[in-house]
Amino acid sequence: MARPATSSDGVPFRPMSTSPVITRFAPSPTGHLHIGGARTALFCWAFARRTGGRFMLRIEDTDAARSSDESARGIMEDLAWLGIEWDDGPRFTTADGRVIAANARPIDGGYFQARRVPIYNRELERLVRTGRAYPAFEGAEELEAKRKAAVAAKVTYRYERPADVKPGEFNAARWERACKGEPHVVRFVAPFEEIVVHDRVLGDVTNAPGELDDIVIRKADGFPTYHFAVVVDDEAMGVTHVLRAQEHLANTPRHVAMQKALGYRTPVYGHMPLIFNMDGTKMGKRDRDKAAKKFYRERLGDSPPNPDAMAYLMEQWVNKSNLAEPTKHARMSIVGQAISYFAYESRNDLRKFKPAEIVAQVWPSLAQGSKPVYESHLRKFQKLLEGTSSGKFAQWLRDASLQLDPEHVDCLADALDVILPEVEVSHFRANGYSPEAICNFLALLGWNPGIKTSDGKDLEKFNMKFLAENFSIERIGKTNAKFDRVKLASFNGDYLASLSDAEYAARLTAWLNEFEPEAGAKIAALGARLPILVAVTKPRAKTLRDTLRAAGFVLRADDSTDFDAAAVEKNLKANDGQGLALLREFRERLAACEPFDPAALHALMDAFVKEKALANPGPIAQAVRVAVAGVPVTPGIGETLAILGKESTLARIDRCMSVV
RNA sequence: GGCCCCGUCGUCUAGCCUGGUCCAGGACACCACCCUUUCACGGUGGUGACAUGGGUUCGAAUCCCAUCGGGGUCACCA
């Protein structure tokens, strides 16, 4: 097949073949969408778009024990969020009301495999009656023992075909036993012949005769295995091109053999390189568990949590929310009291731990608006206790091979205020990555447009439309890739920077409302000063979450600034208190400054610097910075003060002068 | 271990099919300098790779072979 030229008029290329391309992404709904799965979906989507074909989503829920509707929904949400929309598959309504797969091709039995069991059974019986499959009655334990023995003896384990099974001959005796209800699985009779897979990415992959053994195609619970369901469905749903990860390459000869036995067509295959962590390990949830363990040990040692550790974790949360309680001491006291209340009243029965009651009893005078916040912290605290109070936690801390419940891992990370390595699409989303940047980056992992820009650089930045118009299987690479989160962050930062201030503000607000509602409320309260914050944080942010850190001084209440001791020494007290003296004087200028906007404030400072004959604005700028933020790092000083507003600025400077 | 796949800067890659224009280009990261009131942004420059060994050829990152290295897979999971 000749490589089609890129159409200059944007009209999608259509193949000469009469059958339009149909690709599919077929996740198993046993968890969230993995970033590697997202890339597979993206490539399948892009190829379908490029060729004017259809992209299908099929839910492979034949593992009854592990599959869940919730997971399937989550995967669809993640795909929709990324902008990877399926033409065929379950109908899905996105959060913003778009309907995906509204015009899906009607498929007999639908797109959930668990509901297609009669179809698999019909095809399976055809195989059995033509002697290409047979019921097998060995128990799982029996086979497991054989396998272990083989491994111990360092021999390759293969399932041995029973002597009474003859290829091509219907084994009525076995079928009868199976039909009578004897527990069994059904196995496929592997043909003794060379099988060549014509892979569009890797070239021809040849398997010698006898390499295949008789795999299970229907489990004892009556569900087909993946191998069988895939083959039946790809045919039934007209799939023409299968793009999947290379980990499936070894399965493909079996699939081809089954297609032949069933008289099916063989789709075009393309196996894509795998994606790993930077250290070469597989990207998985364990990475998060490991990272959380490491962070905990760094902060709190290898002892299980005691009241001190709990107090520390609660303090992290409380500090993050920067509540307007009088003092840090007072903030901590509610934490301490909550812990004792918990220990005394509940006697470690977590069901008796009622955040709302604690807030009401321990701190009746709490400001109305703070109550829900404290309650939410206490709820997280409760969940954390769930995860850490059992003996399991102590073991987990010491044993690198043990894992905590992922929910508790997330909770622990939240308490420690650390970012765990992202491995699922939802993690990237929660950490403030944009779908555009993720798709762009993912597209470059194993694929490359091979186009130079006018200044001779490789074309790397592009959008979904470009992908839909330029994607090609022949430019998929063969070598495994490592997932460089640093480069992704750079792409994300560039993407955010390319947004207009208004767009950025909209995204930021939406993200805050979803993932950091407390901070979101405070930032929304900025009102007319929000655009200044946006303008100043946008170039500093690799992710939306970065903005939260850059805007930390805004979130903090005027009277809850913690002054960094080194900064106070260097910028306020050094040189006989030069900074403090300048600050005192400059405070009065600020009080009189009108309007209180960045330009006026910069002008005010420039004039002050000139008047005081300072070599540069450093002494006063840094003094003000430390006074209002507690730290020597903030955006431009004029912007910083303007965002705070005159009232807060003066209050903070006054408090600083009285406290330090 | 059997079978299969892969091997260009630390990482993602262009170049390989159609050997010379490649003492190998770009991006991220890193380093230096510039800009600068801090942190960023931005600008300029730099360090840095054809896994190794044999062939073939006037000439090899590009073709062939071997070695080494990495990975996948060997489930009643997908």
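Atom set for the values below is all heavy atoms of this structure, side chains included, hydrogens, waters and symmetry mates excluded. First the proteins, then the strands, lettered A, B, ... as listed; each starts at 1.
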Q: Report the base-pairing partner of A14(B) (Watson-Crick or G-U wobble, both distances below 3.5 angstrom), or none.
A: none
(Q) Can you measure Arg66(A) atom CZ to A75(B) atom C1' for me and round it to whole angstrom units? (A) 11 Å
Q: Look at the side chain of Arg24(A) and the backbone N and O of Met56(A), then say whether any donor-acceptor pair between them is shorter than 3.5 Å.
A: no
Q) Taking OP1 and OP2 of C4(B), is either one under 4.0 Å from a side-chain nitrogen or oxygen of Lys478(A)? A) no
(Q) Just checking Trp447(A) against Phe471(A), ring centres under 6.0 Å apart? (A) yes
(Q) Rounded to whole Å, how long is the line connecting atom CG of Asn448(A) with atom C1' of G25(B)? (A) 12 Å
Q.
Just the rounded figure in Å: distance from P of A78(B) to NE2 of His227(A).
A. 8 Å
Q. Which nucleotide in the list A27(B), A29(B), C5(B) gets nearest to the side chain of Phe491(A)?
A. A27(B)
Q: Rounded to the nearest angstrom, tell me the gap between atom CE in Met283(A) and atom C1' in U11(B).
A: 13 Å
Q.
Classify Gln113(A) by what it touches in the nucleic acid, base, sugar-phosphate, or nothing, heavy-atom distance under 4.0 Å.
A. nothing
(Q) Applying a 4.0 Å non-hydrogen cut-off, can you work out what Thr206(A) is touching in the nucleic acid: base, sugar-phosphate, or nothing? (A) sugar-phosphate
Q. Given A78(B), C28(B), G26(B), which nucleotide is nearest the side-chain atoms of Lys219(A)?
A. A78(B)
Q. Can you name the nearest heavy-atom pair linking Phe608(A) to Phe586(A), along with the distance?
A. CG-CD1, 3.6 Å
Q: Could you tell me whether the side chain of Arg218(A) reaches within less than 4.5 Å of the side chain of Pro135(A), counting heavy atoms only?
A: no
Q: Please state the P separation for the pair G19(B) and G1(B) - nearest whole angstrom.
A: 38 Å
Q | Rounded P spacing from C12(B) to C74(B) in Å | A | 25 Å
Q | Residue closer to the 5' end of RNA chain B, Phe483(A) versus Val155(A) (nearest nucleotide) | A | Val155(A)
(Q) Looking only at the aromatic ring of each residue, does the gap between the centers of Phe228(A) and Phe223(A) stay below 6.0 angstrom? (A) no
Q: Determine yes or no for a side-chain-to-main-chain donor-acceptor pair under 3.5 angstrom, with Arg161(A) supplying the side chain and Asp213(A) the backbone.
A: no
(Q) What contact category does Gly139(A) fall into here, base, sugar-phosphate, or nothing, at under 4.0 angstrom with non-hydrogen atoms? (A) base
Q: Using a strict 4.0 Å threshold on nitrogen-to-oxygen distance, state whether Glu144(A) and Arg147(A) make a salt bridge.
A: yes
Q. Between CZ of Arg58(A) and CG of Asp233(A), what distance do you get to the nearest 0.5 Å?
A. 4.5 Å
Q. The side chain of Arg475(A) lies closest to which of these nucleotides: A14(B), C76(B), C12(B)?
A. A14(B)
Q. Does any nucleotide pair with C30(B) by Watson-Crick or G-U wobble geometry, both distances under 3.5 Å, and what is it?
A. G46(B)
Q | Arg187(A) side chain near C76(B) phosphate (N/O to OP1/OP2, under 4.0 Å) | A | yes
Q: Once you apply the 3.5 Å cut-off to both distances, tell me the Watson-Crick or G-U wobble partner of G7(B), or none.
A: C68(B)
Q. Rounded to whole angstrom units, what separation is found between the CG atom of Asn440(A) and the P atom of G26(B)?
A. 20 Å
Q. Which word best sums up how the rings of Phe483(A) and Phe441(A) line up, parallel for under 30°, tilted for 30 to 60°, or perpendicular for over 60°?
A. perpendicular
(Q) Of the options G26(B), C3(B), A14(B), whose atoms approach the side-chain atoms of Lys487(A) most closely? (A) G26(B)
Q. Hey, is Lys146(A) close enough to Glu160(A) for a salt bridge, meaning N to O under 4.0 Å?
A. no
**Q.** C33(B): syn or anti, per glycosidic angle within 90° of 0
**A.** anti
Q. Counting just side-chain N and O atoms, does Lys457(A) come under 4.0 Å of either OP1 or OP2 of A27(B)?
A. yes
Q. Who is the Watson-Crick or G-U wobble partner of C63(B), with both distances under 3.5 Å?
A. G55(B)
Q.
Counting the atoms with a prime plus P, OP1 and OP2 as sugar-phosphate, which does Val486(A) contact under 4.0 Å by heavy atoms, base, sugar-phosphate, or nothing?
A. sugar-phosphate
Q: Starting from C1' on A75(B), measure out to CG on Asp221(A) and report it in whole angstrom.
A: 14 Å
Q.
Using the C1' atom as the point on both nucleotides, what is the distance between G59(B) and G71(B), in whole Å?
A. 35 Å
Q.
Rounding to an integer number of angstrom, what distance separates C63(B) and U18(B) when you compare their C1' atoms?
A. 12 Å
Q) When the P atoms of A51(B) and G42(B) are considered, how many whole Å apart are they? A) 33 Å
**Q.** Per-nucleotide protein contact string for nucleotides 33-44 of chain B (B base, S sugar-phosphate only, - none; heavy atom under 4.0 Å)
**A.** ----BBBBS---
**Q.** Pair His255(A) + Tyr226(A): ring centers closer than 6.0 Å
**A.** yes
Q | Donor-acceptor pair, side chain of Thr537(A) and main chain of Leu533(A), under 3.5 angstrom | A | yes
Q: Could you measure between the two C1' atoms, the one in C28(B) and the one in C9(B), and give it in whole Å?
A: 12 Å
Q. What distance, rounded to whole Å, do you find between the two P atoms, one in A75(B) and one in A29(B)?
A. 43 Å
Q | Trace of the side chain to side chain donor-acceptor pair (under 3.5 Å) decision for Gln622(A) with Arg625(A) | A | CA-CA 5 Å; Gln622(A) 288 305 87; Arg625(A) 219 185 291 276; 2.7 Å; yes
(Q) Heavy atoms only, 4.0 Å cut-off, all strands: where does Ala140(A) land among base, sugar-phosphate and nothing? (A) base
Q) When you check the gap from the basic side-chain N to the acidic O, do Arg589(A) and Glu611(A) get nearer than 4.0 Å? A) yes
Q.
Between Thr62(A) and A78(B), is there a contact of a side-chain N or O with OP1 or OP2 at under 4.0 Å?
A. yes
Q) Checking Glu503(A) side chain against Ser500(A) main chain: does a donor-acceptor pair fall under 3.5 Å? A) yes
**Q.** Whichever of Val205(A) and Leu444(A) has its nearest RNA chain B nucleotide further upstream toward 5'
**A.** Val205(A)
Q.
Taking the P atom in each of G54(B) and U62(B), what is the distance between them to the nearest angstrom?
A. 14 Å
Q. Which nucleotide, in any strand shown, forms a Watson-Crick or G-U wobble pair with G19(B), with both distances under 3.5 Å?
A. none
Filtered N/O pairs between nucleotides 66-74 of chain B and protein, under 3.5 Å:
from: G71(B); atom 1: O2'; to: Asn480(A); atom 2: OD1; distance (Å): 3.2

Using a cutoff of under 3.5 Å, can you pull out all pairs of nitrogen or oxygen atoms linking the protein to nucleotides 8-10 of chain B, with atom names and distances?
none

